[in-house]
Amino acid sequence: MFELINDIDGRRVVGTYKYANRTVKLSTLTSCVHLWSYQYDCSEVEKPDFFIRTTAEDVEFEAQKALEEGQLKSLPAPEGFKKFLEMTAVYRKLTELLVDENIFLMHGSAIAVDGEAYLFTAKSGTGKSTHTRLWRERFGERAVMVNDDKPLFELKDGHVTVYGTPWDGKHRLSTNTSVPLKAICVLERGVKNEIERLSAMEALPMLLQQTHRTDDVEKMLKVLTLVEKTLEFIPVYRLRCNMDPEAAKVAYEGMQNR
């Protein structure tokens, strides 16, 4: 597990974890990300793939971003504020490192049924978590919650793998697992439950809105390329749903046809 060390900046928290099958050594100001990452611990690794170190400037940067994006009202109380922002800072650094490994973040709720993963993505407040809850209720032990907020996706040899991460939303629903991605579904509110297949051209702008955002132009171009290539192998659907239990049945059956 993590350990406390003293260096030129004072006491820091250090630990090594495996995210998306890459080992990462973290040196942080607080223990929050380490506590959340206990299932991903790989402290036995002597030479990790990456090293991430957070600073007070990183926390301040995230505070400014939260202010600009209007998120301050939904952030934790002051005593948890710094920890929350540092969690975000670590993930920002991690995703920008991993994009060079053909791994990218897409906001959404990812659930696996019978060993195949489905990502539900949408604007905040649409009901992604509610919908995957319907899947868990319908499929029981056949269903595994991969990640309820910020899963990672790896594109390799024409296949896409979705990974659980400890950045798993307010409900803290995730599993340290990797599952092949079968389909992506864009959720919209509707009067009745109906699903349709989207073309890659229709799906691309919707999905790019849900990927990691960065001011690094080269990184963003790489994310764009990864999403475009993903659409060559993974079908995307649009589900208009009313959140009745039937919505899970309509979604699942509609995504079985490739």
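Shown are Leu207, Leu119, Leu181, Leu155; of these, the side chain to side chain contact (heavy atoms under 4.5 Å, CB included) with Ile234 is made only by Leu181.
Using a 4.0 Å cut-off between charged nitrogen and carboxylate oxygen, Asp149 and Lys170 do not count as a salt-bridge pair. Between Asp41 and Lys18, no side-chain nitrogen of the basic residue sits less than 4.0 Å from a carboxylate oxygen of the acidic one, so the salt-bridge criterion is not met. Taking the charged nitrogens against the carboxylate oxygens, Glu188 and Lys123 have no contact shorter than 4.0 Å, which rules out a salt bridge. A salt bridge links Arg22 to Glu154: one of the charged nitrogens lies within less than 4.0 Å of a carboxylate oxygen. Using a 4.0 Å cut-off between a side-chain N of Lys or Arg and a carboxylate O of Asp or Glu, Glu96 and Arg92 do not qualify as a salt bridge.
At a cut-off of 3.5 Å, with distance as the only test, no side-chain donor of Thr225 or Glu228 sits close to an acceptor on the other residue. With no hydrogens or angles considered, a side-chain donor-acceptor pair links Asn193 and Asn242 at under 3.5 Å. Counted by atom type alone, Glu86 and Thr30 present one or more donor-acceptor pairs between their side chains at under 3.5 Å. Between the side chains of His107 and Thr121, no donor-acceptor pair of N or O atoms lies under 3.5 Å.
Considering only heavy atoms from C-beta on, Leu26 stays 4.5 Å or farther from Phe51 through its side chain. Side-chain contact check for Thr132 versus Asp148: some heavy-atom pair is nearer than 4.5 Å. Looking at Arg12 and Arg53, their side chains come closer than 4.5 Å, going by heavy atoms from C-beta outward. Counting heavy atoms from C-beta on, the side chains of Val146 and Thr175 never come closer than 4.5 Å. A heavy-atom distance below 4.5 Å is found between the side chains of Asp100 and Lys219. Under the 4.5 Å side-chain criterion, counting only non-hydrogen atoms from C-beta, Arg189 is not in contact with Arg240. Residues Phe84 and Glu62 have side chains not in contact (no heavy-atom distance under 4.5 Å, counting atoms from C-beta outward). Counting heavy atoms from C-beta outward, Phe2 and Thr16 have side chains that stay 4.5 Å or more apart.
Rounded to the nearest 0.5 Å, atoms CZ (Phe50) and OG1 (Thr23) are 8.5 Å apart. If you take CG on Leu187 and NE2 on His131, they are separated by 5.5 Å, rounding to the nearest 0.5 Å. In this structure, Thr165 OG1 and Tyr91 OH are separated by 4.0 Å, a value rounded to the nearest 0.5 Å. Here the straight-line distance linking atom NZ of Lys222 with atom OG1 of Thr214 works out to 13.5 Å at 0.5 Å rounding. The CG atom of Leu98 lies 11.0 Å from the CG atom of Leu226; values are rounded to the nearest 0.5 Å. We find the OH-OG distance between Tyr40 and Ser174 to be 4.5 Å, quoted to the nearest 0.5 Å.
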Quick one, Ser109 with Met145, criterion side chain to side chain contact (heavy atoms under 4.5 Å, CB included). Give me CA distance, side-chain angles, the key distance, then yes/no.
CA-CA 8 Å; Ser109 189; Met145 199 68 211; 2.9 Å; yes

Working for side chain to side chain contact (heavy atoms under 4.5 Å, CB included), residues Thr230 and Met106
CA-CA 12 Å; Thr230 294; Met106 189 177 298; over 6 Å; no

Verify salt bridge (charged side-chain N to carboxylate O under 4.0 Å, His left out) between Lys25 and Asp49, making sure each step is shown before the conclusion.
CA-CA 8 Å; Lys25 185 173 183 177; Asp49 299 314; over 6 Å; no

With side chain to side chain contact (heavy atoms under 4.5 Å, CB included) as the test, would you mind laying out the steps for Leu35 and Cys32 before giving the verdict?
CA-CA 5 Å; Leu35 294 172; Cys32 186; 5.8 Å; no

Could you give me the CA-CA distance, side-chain angles and deciding distance for Arg238 and Glu194, then say whether salt bridge (charged side-chain N to carboxylate O under 4.0 Å, His left out) is met?
CA-CA 8 Å; Arg238 173 164 47 210; Glu194 51 188 356; over 6 Å; no

Go through Val227 and Thr211 one step at a time and tell me if the side chain to side chain contact (heavy atoms under 4.5 Å, CB included) criterion holds.
CA-CA 9 Å; Val227 175; Thr211 58; 3.9 Å; yes

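Thr55 places a side-chain N or O within 3.5 Å of a backbone atom of Asp58 that can act as its donor or acceptor partner. Side-chain N or O atoms of Glu202 include one that pairs as donor or acceptor with a backbone N or O of Ser199 at under 3.5 Å. Here the side chain of Asn147 pairs no donor or acceptor atom with the backbone of Ala110 at under 3.5 angstrom.
Counting non-hydrogen atoms of neighbouring residues, nucleotides and ligands closer than 6.0 angstrom, the CD atom of Glu218 reaches no more than 12 such neighbours. Within 6.0 Å of CD on Glu232 lie more than 12 heavy atoms contributed by other residues, nucleotides or ligands. Heavy atoms from other residues, nucleotides or ligands lying under 6.0 Å from NZ of Lys150 number more than 12. Environment of OH in Tyr38: sparse, with no more than 12 heavy atoms of neighbouring residues, nucleotides or ligands closer than 6.0 Å.
Ring centers of Tyr19 and Trp167: under 6.0 Å apart, within the cut-off. Between Phe139 and Tyr252, the gap from one ring centroid to the other is short of 6.0 Å.
The hydrophobic cluster containing Val90 does not contain Ile5, counting ILVMFWY residues as joined when their side-chain heavy atoms lie under 4.5 angstrom apart, directly or transitively. No continuous path of ILVMFWY side-chain contacts below 4.5 Å connects Val14 to Met87, so the two sit in separate hydrophobic clusters. No continuous path of hydrophobic side-chain contacts links Phe61 to Ile52 [ILVMFWY only; heavy atoms under 4.5 Å]. Residues Leu224 and Met220 do not share a hydrophobic cluster, defined by chaining ILVMFWY side chains whose heavy atoms lie under 4.5 Å apart. Residues Phe233 and Val162 share a hydrophobic cluster, clusters being chains of Ile/Leu/Val/Met/Phe/Trp/Tyr side chains in contact below 4.5 Å.
Cation-pi geometry between Arg142 and Trp135 is not met: the NZ or CZ atom fails to fall both under 6.0 Å from the ring centre and inside 45° of the normal.
Between Lys182 and Pro235 the shortest heavy-atom distance is O-CD, 3.3 Å. Closest non-hydrogen pair, Leu134 versus Pro245, comes out as CD2-CA, 4.2 Å. Of all heavy-atom pairs between Gly127 and Met243, the closest is O-CE, 3.4 Å. The minimum heavy-atom distance between His34 and Gly15, with the atom names listed, is CE1-N, 3.4 Å. The two atoms that bring Cys185 and Ile195 nearest to each other are SG-CD1, 4.5 Å, heavy atoms only. Here the closest non-hydrogen pair linking Met255 and Ala183 is SD-CB, 3.7 Å.
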